[in-house]
Amino acid sequence: MSGSDEDEVLKAGEEDEEVTLEKKEISGQEDQLESCPLTQDMMAKSLSLLCRTGNGLSHAYVRLDLKSKGLTDLALISSFIHLRYLDFSSNHLSDFSPLADLTQLLWVKGDGNLLQRFEGQPFSQLTYLQWLSFANNRLFDVKGIGGPALETLNLTGNGIQTMQGLEYHNLTNLVTLELRGNCLETTDGIYLPNLRHLYLAQNNLKRLEGLEKLEHLKTLHLRDNQLETLDGLSPNMKCLQYLNVRGNLISSMRALRNLVSVGQTLKALVLLENPLAKTDDYRMYVISHLSQLEKLDKDPITAEDKSAAQEKDFDDEYAEDQEDN
């Protein structure tokens, strides 16, 4: 959720009362759910993709599509041990313990369910799982998530408030992390050594912290947050090529100085919809300081742009002057 979409700040007591009422409402909705367990008939109609089993001695269906079945219970699935691709999105599921026996799973989509926490769930035990999505659930933290083979994790549209407790030693192969539409105020805690793509749009980000540990990051998407500076960008980010900070609160040229720390690799930068974007010569200033940049605000940077920026000959006091003005 972006800051622009939130209601006006209420008094602390009113906020606590509102959260309590919301939790009671959710709990009441869950109590009213009609029991709908997975059945043999559903399984028979939802299985597909006949493949050779792991031992090569027989064949089994390895894909199961249970999307929008109104399910509240997956117990029956535990005996289908050859499944590799599983979609149970848009149901009413909160307990995924039956998946513990499905050791061949490669791909799991659980968007639009009732998952509140990863602790106590079996996903970190699935040694071949490469792709996992739990967008639009009810997660508030990331404790307990893991997977030695996991490469893509999508947690868009939850209520995650902190990345503290992320077990990065269990996510050493994670390449893409989707955290759009959550409630994060800082990037601290995202210590993923091999991460390449990080999507954090529409949070409540006010601070960039811990990014120096993301040495292999290529894409950093920070659109629609509450950043006033770019403090936190680090020279250790030696692979960063795409940075999007559109729709933040960056207003001073001084904030752009931090871009120099990633200037040797940065190819594309988006600064639209920041107060800074209305500043005279900001485009020329950026181009003059980032020699490798190929696109700014979605527009290609031409040889003529670079020549014009060099002719401007911005000195170190320019950013100070612009801020004072």
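Heavy-atom basis, side chains included; hydrogens, waters and symmetry copies ignored. It should be emphasised that the depicted structure is a prediction, and the values quoted were computed from it without experimental measurement.
In this structure, the side chains of Leu256 and His289 stay at 4.5 Å or more apart for every pair of heavy atoms. Contact of the Leu150 side chain with the Asn173 side chain is not registered, since no non-hydrogen atoms from C-beta on lie closer than 4.5 Å. Within the 4.5 Å cutoff, the side chain of Met163 has heavy atoms near those of the Leu184 side chain. The closest side-chain heavy-atom distance from Ile145 to Leu132 is below 4.5 Å. Side-chain contact between Phe88 and Ile77 is absent, with no heavy atoms from C-beta onward closer than 4.5 Å. The side-chain heavy atoms of Leu66 and Leu74, taken from C-beta on, include a pair separated by under 4.5 Å. When side chains are defined from C-beta on, Gln164 does not count as touching Asp141, because their heavy atoms never get closer than 4.5 Å. Counting heavy atoms from C-beta on, the side chains of Tyr191 and Leu166 never come closer than 4.5 Å.
By the side-chain contact (heavy atoms from CB on, under 4.5 Å) test, Glu151 pairs with no residue at all, sequence neighbours left out. Among residues two or more places apart in sequence or in another chain, the side-chain contact (heavy atoms from CB on, under 4.5 Å) test is passed with Glu167 by His169, Asn170. Shown here are the side-chain hydrogen bond (donor to acceptor under 3.5 Å, both in side chains) partners of Lys67, two or more places apart in sequence or in another chain: there are none. With sequence neighbours left out, Asp111 forms a salt bridge (charged side-chain N to carboxylate O under 4.0 Å, His left out) with no residue at all. Glu119 is linked by a side-chain hydrogen bond (donor to acceptor under 3.5 Å, both in side chains) to nothing, counting only residues two or more places apart in sequence or in another chain. For Asp65, the side-chain hydrogen bond (donor to acceptor under 3.5 Å, both in side chains) criterion is met by no residue, not counting sequence neighbours. Partners of Gln40 according to the side-chain hydrogen bond (donor to acceptor under 3.5 Å, both in side chains) rule, which considers only residues two or more places apart in sequence or in another chain, do not exist here.
Counting all heavy atoms, side chain and backbone alike, Ala277 lies closest to Tyr282 at O-CE2, 3.5 Å. Taking each heavy atom of Cys51 and Arg84 in turn, the nearest pair found is CB-NH1, 4.0 Å. Thr176 approaches Leu195 most closely through the heavy-atom pair N-CD1, 3.9 Å. The two residues Ser261 and Leu233 have their closest heavy-atom pair at OG-O, 3.5 Å. Across Met253 and Thr279, no two heavy atoms sit closer than the pair CE-CG2, 3.7 Å. Phe134 and Asn158 make their closest contact through O-ND2, 3.0 Å (heavy atoms, listed as atom of the first residue, atom of the second, distance).
Annotation: the span from Lys295 atom NZ to Leu269 atom CG amounts to 13.0 Å, rounded to 0.5 Å.
Identified under the salt bridge (Lys or Arg N to Asp or Glu O under 4.0 Å) test for residues 36-49, with sequence neighbours left out: Asp41-Lys45.
Grouped by direct or indirect side-chain proximity (heavy atoms under 4.5 Å, Ile/Leu/Val/Met/Phe/Trp/Tyr only), Val260 sits alone. With a 4.5 Å cut-off between side-chain heavy atoms of Ile, Leu, Val, Met, Phe, Trp and Tyr, the cluster of Trp107 takes in Leu49, Val62, Tyr85, Leu106, Tyr128, Trp131.
Not a single donor-acceptor pair under 3.5 Å links the side chain of Asn258 to the backbone N or O of Thr229. Listed for the Asn248 side chain is no donor-acceptor partner under 3.5 Å among the backbone atoms of Asn274. Panel note: side chain Asp297, backbone Asp299; no donor-acceptor pair is recorded below 3.5 Å. For the pair Ser90 (side chain) and Gly112 (backbone), a donor-acceptor distance under 3.5 Å is absent. The backbone N or O of Leu227 sits nowhere less than 3.5 Å from a side-chain atom of Asn225 that would complete a donor-acceptor pair. Looking only at distances, no side-chain donor or acceptor of Asn91 sits under 3.5 Å from a matching main-chain atom of Asn113. Side chain of Gln121 to backbone of Ser94: a donor-acceptor contact under 3.5 angstrom is found.
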- Task: Under the side-chain contact (heavy atoms from CB on, under 4.5 Å) rule, what do Phe123 and Leu153 come out as? Steps first, then yes or no, please.
- Result: CA-CA 11 Å; Phe123 301 106; Leu153 176 61; over 6 Å; no

- Task: Mind running side-chain contact (heavy atoms from CB on, under 4.5 Å) on Leu174 and Asn194 for me, showing each step along the way?
- Result: CA-CA 6 Å; Leu174 196 67; Asn194 291 309; over 6 Å; no

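Within 6.0 Å of atom CZ in Arg196, more than 12 heavy atoms from other residues, nucleotides or ligands are found, so the atom counts as buried in its surroundings. The neighbour count for Lys267 NZ, taken as heavy atoms of other residues, nucleotides or ligands under 6.0 Å away, is above 12. Remark: Tyr168 OH is loosely packed, at most 12 non-hydrogen atoms of other residues, nucleotides or ligands lying under 6.0 Å away.
By the 30° and 60° cut-offs, the orientation of the rings of His221 relative to Tyr199 is tilted.
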Would you tabulate the side-chain donor-acceptor contacts of residues 236-243 under 3.5 Å, counting partners in other chains and residues two or more places apart, or write 'none'?
unit_1	atom_1	unit_2	atom_2	d
Tyr242	OH	Asn244	ND2	3.0
Tyr242	OH	Lys298	NZ	3.4

Per-pair distances, 0.1 Å, donor-acceptor, side chain in residues 208-219, under 3.5 Å, sequence neighbours excluded:
unit_1	atom_1	unit_2	atom_2	d
Glu209	OE1	Thr186	OG1	2.4
Glu209	OE1	Arg207	NE	3.4
Thr219	OG1	His197	ND1	3.0

